[in-house]
K.L.:
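Pasting a structure here, questions to come.
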Amino acid sequence: MNTTSPLDCPSWKKLAVHADTWRTAHLAELLGADPARAKQMRAEAPGVQLDYSRQRVGALALRLLAQLATERGFAEWRAALFSGQKINTTEDRAATHTAMRSGDADAKFLALADSIRKEKRYKRIINLGTGGSDLGPRLLADAFGDGTLDVRFVANVDPVELERAIAGAEASSTLIVAVSKTFTTQETLENAKALKKLKFQNFIAVTANPNAAEQFGASQVLPMPASIGGRYSVWSAAGFSAACALGANAFGEILLGGKDIDEHYREAPMEQNVPVLMALLGAWNVNFLGSHALAVLPYAHRLRQLPAYLQQLEMESGGKGVDRAGQTVGYATSPVLFGAEGTPVQHAFMQLLHQGTPAVAVDFIDASVNETLSANVLAQADALAYGTGEADLPPHRRHAGNRPSSILKFRQFAPRDLGRLIALYEHKVFTQGVLWNLNSFDQWGVELGKQMAQNLLSRST
Ligand code: F6P
């Protein structure tokens with residue numbers, strides 16, 4: 001497989017030279033001078049359109065970025081992902097999350113979720129898990145839970161979160177779902193032990209380590225493959241609590257949405273491939289325009305958990321300083337990702353995005369069919385791009401503009417669209433990992449802190 005440093009790719013050098021011409025070009029002039037730009041710089045994927053006309057990019061830059069992907073062996077890496085090759089080399093594993101939505105995966109957990117929803121034995125489901133064992137199911141349940149069951153999530157070892165989750169619960173009508181791929185995560189095990197002490201006995205474990213779960217005393221174990229990374233696991237039985245919240249049909253729609261985007265990602269030519277374009281634009285902003293922050297602003301209340309989910313997906317995958325060959329990278333990798341739902345975000349940190357000093361790229365997600373929300377998305381994106389211009393404004397009222405953004409516009413937003421949205425970012429992250437010659441599927445950086453905490457605790461006991 002191609003593990004050439006991007007710095008050694010001919011296109012990287014051309015991009016670095018070309019970027020100089022973009023130091024002075026202003027989006028207000030580009031958009032004003034070329035009305036066709038707004039129409040041309042769009043790409044379609046199932047159910048969603050990417051409008052990247054407000055990105056500080058032109059045809060030549062895009063061509064060079066696509067060439068860079070080719071020089072990095074993108075097509076071979078994408079094929080290796082889907083064919084189950086062990087591309088997670090430091091853990092000697094494949095990355096098989098796309099197999100979970102291919103239609104051939106074991107979906108017993110969906111049938112179990114539906115039977116629990118029908119039986120009425122349980123009134124409350126409490127998901128114990130953190131990272132990918134929490135953020136994905138929490139996002140899905142918050143977005144599309146139908147209220148049939150009271151599904152709650154506990155990720156923190158802080159007892160306050162657990163106390164709030166069990167407030168008013170009866171042990172007999174409460175099901176605990178302990179989700180942990182390794183079944184070694186301190187927070188999850190401590191919370192599970194605390195619930196056992198409180199006589200909560202109904203435990204289902206979701207894990208790739210069934211022996212540990214059985215030793216703990218789980219009455220049932222739902223398996224998840226070791227080849228699925230936590231931040232890519234919502235499609236698997238790790239999403240069980242979400243299936244309880246949504247029902248099997250709605251969860252199945254989410255899987256179909258992921259499959260829609262897998263097909264698009266495998267088949268669409270690069271210049272029309274939405275996740276590839278998102279990745280190329282991301283690398284352009286980070287590596288050539290010097291923007292090391294990405295704000296993801298979902299304009300839909302259902303998606304208020306999305307930024308937290310994407311923080312793990314993007315920064316645990318791309319927040320690395322060593323490439324696949326074990327060399328320290330000589331270039332920037334994942335930007336800092338943050339975000340919040342619109343429109344409340346306009347009363348929080350949009351001030352910095354409009355007039356602040358950090359260079360922040362923005363992904364707007366227009367996932368509502370509400371015209372007020374959509375009008376706000378367009379207004380914010382245009383304000384960032386055009387700025388104010390009038391020199392006669394007092395300085396504190398001026399907006400420099402030329403601040404790049406993309407808009408992902410959904411025609412509607414049903415569970416299938418949420419599956420599409422998650423898969424778009426998964427493939428964007430993977431493509432960026434190819435550009436940066438990174439293994440997007442390991443996360444060795446999280447181990448040191450965990451070990452040091454264990455050392456401190458063992459000293460104090
Ligand atoms: O943050 C480190 C991490 O390993 C994540 O990658 C993972 O999603 C989370 O901890 C929880 O791990 P587990 O599912 O094994 O409890």
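In this chain, residues are counted from 1 in sequence order. For clarity, every value in this text was computed on a predicted model and none was experimentally measured.
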K.L.:
Could you tell me whether the side chain of Q311 and the main chain of L337 form a donor-acceptor pair under 3.5 Å?
P.N.:
yes
K.L.:
Check the pair M278, L50 against side-chain contact (heavy atoms from CB on, under 4.5 Å), reporting the backbone distance first and the verdict last.
P.N.:
CA-CA 9 Å; M278 290 168 72; L50 172 71; 4.2 Å; yes
K.L.:
For T4, enumerate each residue passing the side chain to side chain donor-acceptor pair (under 3.5 Å) test, keeping only those at least two apart in sequence or located in another chain.
P.N.:
N2
K.L.:
Does the side chain of H292 reach to within under 4.5 Å of the side chain of S334, using non-hydrogen atoms?
P.N.:
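H292 does not reach S334 side chain to side chain.
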K.L.:
Under 3.5 Å, side chain of T188 to main-chain N/O of T184, donor-acceptor pair present?
P.N.:
no
K.L.:
For K13, is the NZ atom crowded, meaning more than 12 foreign heavy atoms sit under 6.0 Å from it?
P.N.:
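Enclosed: over 12 neighbouring heavy atoms sit under 6.0 Å from NZ of K13.
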K.L.:
Using a strict cut-off of less than 4.0 Å between a Lys/Arg side-chain nitrogen and an Asp/Glu carboxylate oxygen, indicate whether R101 and E426 qualify as a salt bridge.
P.N.:
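Salt bridge present between R101 and E426.
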K.L.:
Are I407 and Q49 side-chain neighbours, meaning at least one heavy-atom pair lies under 4.5 Å?
P.N.:
no
K.L.:
Counting N and O atoms only, with roles assigned by atom type, does the side chain of H399 sit under 3.5 Å from a partner on the main chain of G401, one being a donor and the other an acceptor?
P.N.:
no
K.L.:
I need the single residue from D366, D417, D363 that forms a salt bridge (Lys or Arg N to Asp or Glu O under 4.0 Å) with K409. Which is it?
P.N.:
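It is D366; the other options fail the test.
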K.L.:
Can you see whether T96 engages S227 through a side-chain donor-acceptor pair at a distance of less than 3.5 angstrom?
P.N.:
yes
K.L.:
For a quick check under 3.5 Å, do W12 and N287 share a side-chain donor-acceptor pair by atom type?
P.N.:
no
K.L.:
Just list the side-chain donor-acceptor pairs under 3.5 Å for residues 134-145, sequence neighbours left out, or say none.
P.N.:
residue: D134; atom: OD1; partner: R138; partner atom: NE; Å: 3.0
residue: D134; atom: OD1; partner: R138; partner atom: NH2; Å: 2.9
residue: D134; atom: OD2; partner: R138; partner atom: NE; Å: 3.1
residue: R138; atom: NH2; partner: E161; partner atom: OE2; Å: 3.3
residue: D142; atom: OD1; partner: R304; partner atom: NE; Å: 3.4
residue: D142; atom: OD1; partner: R304; partner atom: NH2; Å: 2.7
residue: D142; atom: OD2; partner: R304; partner atom: NE; Å: 2.7

K.L.:
Compare all side-chain heavy atoms of L421 with those of V48 and state whether any distance is below 4.5 angstrom.
P.N.:
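Sidechains of V48 and L421: no contact.
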K.L.:
Under the ring-ring contact (aromatic ring centres under 6.0 Å, His included) rule, collect the residues that match up with F240, sequence neighbours excluded.
P.N.:
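F240 satisfies ring-ring contact (aromatic ring centres under 6.0 Å, His included) with no other residue.
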K.L.:
Assess whether a salt bridge exists between R302 and E341, defined as any Lys/Arg side-chain N lying under 4.0 Å from an Asp/Glu carboxylate O.
P.N.:
no
K.L.:
Output the distance between atom CZ (R231) and atom CG (L310), rounded to the nearest 0.5 Å.
P.N.:
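One gets 13.0 Å once the value is rounded to the nearest 0.5 Å.
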K.L.:
Taking side chain as C-beta onward, heavy atoms only, is T207 less than 4.5 Å from V221?
P.N.:
yes
K.L.:
Any salt bridge linking K259 with D262? Criterion: basic side-chain nitrogen under 4.0 Å from a carboxylate oxygen.
P.N.:
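Answer for the salt bridge query: no.
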K.L.:
Looking at N402 and A385, would you say the former's side chain and the latter's main chain have a donor-acceptor pair under 3.5 Å?
P.N.:
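Side chain of N402 to backbone of A385, a donor-acceptor pair under 3.5 Å: no, none is there.
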K.L.:
Could you list the residues that satisfy salt bridge (Lys or Arg N to Asp or Glu O under 4.0 Å) with D382, not counting sequence neighbours?
P.N.:
R54
K.L.:
Suppose we screen for ring-ring contact (aromatic ring centres under 6.0 Å, His included). Which residues come up paired with W77, at least two apart in sequence or across chains?
P.N.:
none
K.L.:
Is the side chain of E71 donor-acceptor paired with the backbone N or O of P6 at a distance under 3.5 Å, no angle test?
P.N.:
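It does not hold such a pair.
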K.L.:
Can you pull the ring pair (Phe, Tyr, Trp, His ring centres under 6.0 Å) pairs that have at least one residue in residues 254-282, sequence neighbours excluded?
P.N.:
F74-Y265, Y265-H427
K.L.:
Of all residues at least two apart in sequence or in a different chain, which pass the side chain to side chain donor-acceptor pair (under 3.5 Å) check with S53?
P.N.:
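With sequence neighbours excluded, S53 shows a side chain to side chain donor-acceptor pair (under 3.5 Å) to D51, given in chain and number order.
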K.L.:
Less than 4.0 angstrom from a charged side-chain N to a carboxylate O is my criterion; do K450 and E187 meet it?
P.N.:
no
K.L.:
Q451 and N455: side-chain hydrogen bond (donor to acceptor under 3.5 Å, both in side chains), yes or no, with the steps?
P.N.:
CA-CA 6 Å; Q451 190 53 56; N455 296 345; 2.9 Å; yes
K.L.:
Taking ring pair (Phe, Tyr, Trp, His ring centres under 6.0 Å) as the cut-off, I'd like each qualifying pair that reaches into residues 29-73, sequence neighbours left out, listed once.
P.N.:
none
K.L.:
Let me have the donor-acceptor pairs involving side chains of residues 55-65, under 3.5 Å, with sequence neighbours excluded, atom names and distances please.
P.N.:
residue: Q55; atom: OE1; partner: N285; partner atom: ND2; Å: 3.0
residue: Q55; atom: NE2; partner: S406; partner atom: OG; Å: 2.7
residue: R56; atom: NH2; partner: W22; partner atom: O; Å: 2.7

K.L.:
Would F183 and L189 count as a side-chain contact (heavy atoms from CB on, under 4.5 Å) if you check the C-alpha gap in whole Å, the side-chain angles of each, and the deciding distance to 0.1 Å?
P.N.:
CA-CA 7 Å; F183 223 79; L189 296 181; 3.7 Å; yes
K.L.:
Keeping the roles fixed (side chain from T21, backbone from H18), state whether a donor-acceptor pair exists under 3.5 Å.
P.N.:
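A pair under 3.5 Å: yes.
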K.L.:
With side chains defined as the heavy atoms from C-beta onward, is the minimum distance between N156 and T130 less than 4.5 Å?
P.N.:
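Counting from C-beta outward, N156 and T130 never come under 4.5 Å.
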K.L.:
Less than 4.5 Å apart, any side-chain heavy atom of K320 and any of V329?
P.N.:
no
K.L.:
Who passes salt bridge (Lys or Arg N to Asp or Glu O under 4.0 Å) against E91, sequence neighbours left out?
P.N.:
R93
K.L.:
Just how far is it from atom OH of Y299 to atom OG of S374, taken to the nearest 0.5 Å?
P.N.:
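If we round to the nearest 0.5 Å, Y299:OH and S374:OG are 11.0 Å apart.
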K.L.:
How are the rings of H97 and Y232 set relative to one another: parallel (under 30°), tilted (30 to 60°) or perpendicular (over 60°)?
P.N.:
tilted
K.L.:
Can any side-chain N or O of N376 pair as donor or acceptor with the backbone N or O of Q346 at less than 3.5 Å?
P.N.:
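Judged by distance alone, no pair lies under 3.5 Å.
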K.L.:
Yes or no on side-chain contact (heavy atoms from CB on, under 4.5 Å) for N127 and V154, after CA distance, side-chain angles and deciding distance?
P.N.:
CA-CA 6 Å; N127 188 92; V154 178; over 6 Å; no
K.L.:
Could you check if a side-chain atom of I204 sits within less than 4.5 angstrom of a side-chain atom of L222, using non-hydrogen atoms only?
P.N.:
yes
K.L.:
Ring centroid separation for F251 and W235, is it under 6.0 angstrom?
P.N.:
no
K.L.:
A cation-pi test, strictly: NZ or CZ of R266 under 6.0 Å from the centre of the six-membered ring of F82 and no more than 45 degrees from its axis. Yes or no?
P.N.:
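Because its charged atom sits under 6.0 Å from the ring centre and within 45° of the axis, R266 does stack over F82.
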K.L.:
Within a strict 4.5 Å, meaning less than it, do heavy atoms of the F364 and L408 side chains meet?
P.N.:
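In short, these two side chains do not touch, never coming nearer than 4.5 Å.
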K.L.:
So, taking the atom named CG in N273 and the one named OG1 in T431, what distance separates them when rounded to the nearest 0.5 Å?
P.N.:
7.0 Å
K.L.:
Would you be so kind as to tabulate the donor-acceptor pairs closer than 3.5 Å made by side chains of residues 352-362, with sequence neighbours excluded?
P.N.:
residue: H354; atom: NE2; partner: Q380; partner atom: OE1; Å: 2.7
residue: Q355; atom: OE1; partner: Q351; partner atom: NE2; Å: 3.0
residue: Q355; atom: NE2; partner: H396; partner atom: O; Å: 3.2
residue: Q355; atom: NE2; partner: R398; partner atom: O; Å: 2.9

K.L.:
side-chain contact (heavy atoms from CB on, under 4.5 Å) between L438 and V322: does it pass, once the steps are laid out?
P.N.:
CA-CA 7 Å; L438 300 179; V322 167; over 6 Å; no
K.L.:
Could you go through the side-chain hydrogen bond (donor to acceptor under 3.5 Å, both in side chains) check for D442 and T90 one step at a time?
P.N.:
CA-CA 7 Å; D442 63 7; T90 61; 2.6 Å; yes
K.L.:
Taking atom CD1 of I422 and atom CZ of R420, what is their separation to the nearest 0.5 Å?
P.N.:
13.0 Å
K.L.:
Would you compute the distance between atom CZ of F430 and atom OG1 of T98 and round it to the nearest 0.5 angstrom?
P.N.:
10.0 Å
K.L.:
Name all residues meeting the side chain to side chain donor-acceptor pair (under 3.5 Å) criterion together with R324; count only those two or more places apart in sequence or in a different chain, and write none if there are none.
P.N.:
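Listed in chain order: nothing, the list is empty.
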